[in-house]
Every structure is written in structure tokens, then in C-alpha cells.
Amino acid sequence: MKKALFFICYLIGLLIGAMLLIFNAQALDRDPVALRFAMLAAGVIFIIPALIQLLSSLSPKRDEFGNILPRKWYATIVAVLALLWGIYILIFPTGYGNTLAITLGVSLILAGIAQAVWIVRTAESTFLRFIVPIVTLVVGVVICAFLSADTGSGKDDQISAIISGIMLVIWGVNGFMSPRSKRVVAAADKAAKVERKAEKEERKAEKAQAKETEKEQRDAEKKSSENEKTEEQPVAEADNETEKTDTSVAKESSEEPKEASGE
């Protein structure tokens, strides 16, 4: 469901890019109707997947063993930014104070970051797959830095619309090509499950080994204590015998003078 939704967003991105290329001349008008509808559509494709991703990231996920998986904090941050920006676009579709270039530039920046996150979570993270998101982000920065001057002629907005249209078309095509095949995904998921199971078994074996070691130490300490008691007992008995012998000798010594006096 989520993957199908993102595919729909990429399709709408292609349509928005085409509209920016076709109706870029409207950037010169005070009321660019076609561009306004295109930007409203852009706001929608920011809000819907961002809202779904945000709700998904806030709900705890568990693996097949019942363990809670760590949340992807970067995905949550991107979802919040995309949601706020989508709301802004719906309120100001052509930019606040007709700053269309800045709106397009920031939209490209967030689109590039969002696609990079999408690739990390659903596709093989090879360098080639990140080229388009990185270029999209850089182009957005360039538009904000060099084409956002409000000269009143609208030329900067028109150029921004053309560049943004080209990048959105490329962005959409790259989005369709990014996900891996089902076979690769299944193999990766199976390998991840096997790895998690092996880690669980390893932790279980370590706990059992620790318990066994602790038990051996307790048994060794108990045995050592018993040996010490066994060694102390003969010594005590020997001391008692020595004490008895000394008492007997002293008694005999005291009786000898009495016998001598009697004689």
C-alpha cells in the first residue's frame, strides 16, 4: 500500500514537471492559473505521503520474534518537514509575495531528501541511485540562492519553473526505477531474518554460558569452603589432644610430690 502510494506521488511529480515545462510562461503573469494548480498538486504529494510516513514512524514495529524495532528518526524528521511544507504550498501555491522561485527551490530540496530516504528504505543503497536525489537537492539550493531575486519581471520565476520541471521529470523517472525487484527484496528480507535469528540464538547461548559459569563458580566456592572446614577440623582435634596431654602431665607431676611426702 505504501509503495503504491509513493508510485502515485512519483506519477503526479511527472505531471507537475510537465505542467511547469508547458506553462512556464505563466510565471510572467500576475495570476498564473496553471502553475497554481500544479503547485497545489505538489502540496498534496508532500502532505499525503508525509502524513502516512509520520503516523507509521510513530507506531512501534516488531519483528517476527516480537522485538521492537528501532525507529528511523531521519524518516520522521523528513516527514514532518514535508508535511509543513505541503501545508505552506496549499496556502501560498505561487509563493508568499509571488516568490515562486523560492517555493520551487525548497520543494526540490525536500523532494531530493525524501527520495534519498525512500531509496535507503526500499532499494539497494548504491551510489548511482543517489545521483538524482543529490542533483535535485543541489538544483533546489541553486534556485533559492541565485534565482530568488524579485526583479518584478518574472524572468527568474520562469527560469526556475523550466529547471524545476526538468528536475521533477527526472526525479519521477528515478523514483520508478529505484525500488528493487521482489526477488531481491525477498532475499534481503530472508537474510535479515536469518541474521536476527542467529543473533538471538547467540544471545541465548551467551546467557546460558554465563549462567553455567556462575553456577561453576558457586560450586567451586562451596567446595573450597567445605575443604577449609575439613582441614580445620583435624587441627582443632589435634589441639584438643595436645591440651588433654598437657593436663594429664601436669596432673601426674602434681601427684608425685604427694607420694614422696607420704613415704
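Since the model is a prediction, treat every value here as computed from it, not as a measurement. All heavy atoms count here, side chains included; hydrogens, waters and symmetry mates do not. In this chain, numbering begins with 1 at the start of the sequence shown.
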Look at the side-chain heavy atoms of Ile, Leu, Val, Met, Phe, Trp and Tyr, link any pair under 4.5 Å apart, and say whether [X] and [Y] land in one connected group.
X      : Y      : result
Leu81  : Leu90  : yes
Ile113 : Val141 : yes
Ile159 : Leu104 : yes
Val135 : Val169 : yes
Val142 : Ile102 : yes

Counting N and O atoms only, with roles assigned by atom type, does the side chain of [X] sit under 3.5 Å from a partner on the main chain of [Y], one being a donor and the other an acceptor?
X      : Y      : answer
Gln158 : Gln26  : no
Asp157 : Ala101 : yes
Gln53  : Thr76  : no
Thr99  : Gly95  : no

Give the minimum heavy-atom separation between [X] and [Y], together with the two atoms involved.
X      : Y      : answer
Gln115 : Pro133 : OE1-CG, 3.4 Å
Cys144 : Val106 : SG-N, 3.6 Å
Ile89  : Ser107 : CD1-OG, 3.6 Å
Pro93  : Arg36  : CG-CG, 3.5 Å
Leu20  : Ser164 : CD1-CB, 4.0 Å
Thr136 : Leu108 : CG2-O, 3.3 Å

> Going through the distances and angles, do Thr103 and Trp85 end up as a side chain to side chain contact (heavy atoms under 4.5 Å, CB included)?
Replying inline: CA-CA 9 Å; Thr103 303; Trp85 187 248; 4.0 Å; yes
Rounded distance [0.5 Å steps], [atom1] in [X] versus [atom2] in [Y]:
X      : Y      : atom1 : atom2 : result
Gln209 : Glu214 : CD    : CD    : 12.0 Å
Lys204 : Glu199 : NZ    : CD    : 16.0 Å
Lys200 : Glu202 : NZ    : CD    : 14.0 Å
Ile87  : Leu51  : CD1   : CG    : 9.0 Å
Leu40  : Thr94  : CG    : OG1   : 9.0 Å

Any heavy-atom pair between the side chains of [Y] and [X] that's under 4.5 Å?
X      : Y      : result
Phe176 : Leu14  : yes
Trp171 : Asn174 : no
Phe46  : Leu110 : yes
Leu21  : Ile162 : yes
Phe23  : Pro32  : no
Ile143 : Leu147 : yes
Leu100 : Leu35  : yes
Ile16  : Ile45  : yes

> So Val44 and Ile12, side chain to side chain contact (heavy atoms under 4.5 Å, CB included) or not? Walk me through it.
Replying inline: CA-CA 9 Å; Val44 171; Ile12 297 176; 5.7 Å; no
> Which side-chain hydrogen bond (donor to acceptor under 3.5 Å, both in side chains) pairs, counting each pair once, include a residue from residues 11-23, with sequence neighbours left out?
Replying inline: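 Sorted pair list comes back empty.
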> So Phe92 and Tyr88, would you call those rings parallel, tilted or perpendicular, with 30° and 60° as cut-offs?
Replying inline: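 Phe92 and Tyr88: tilted rings.
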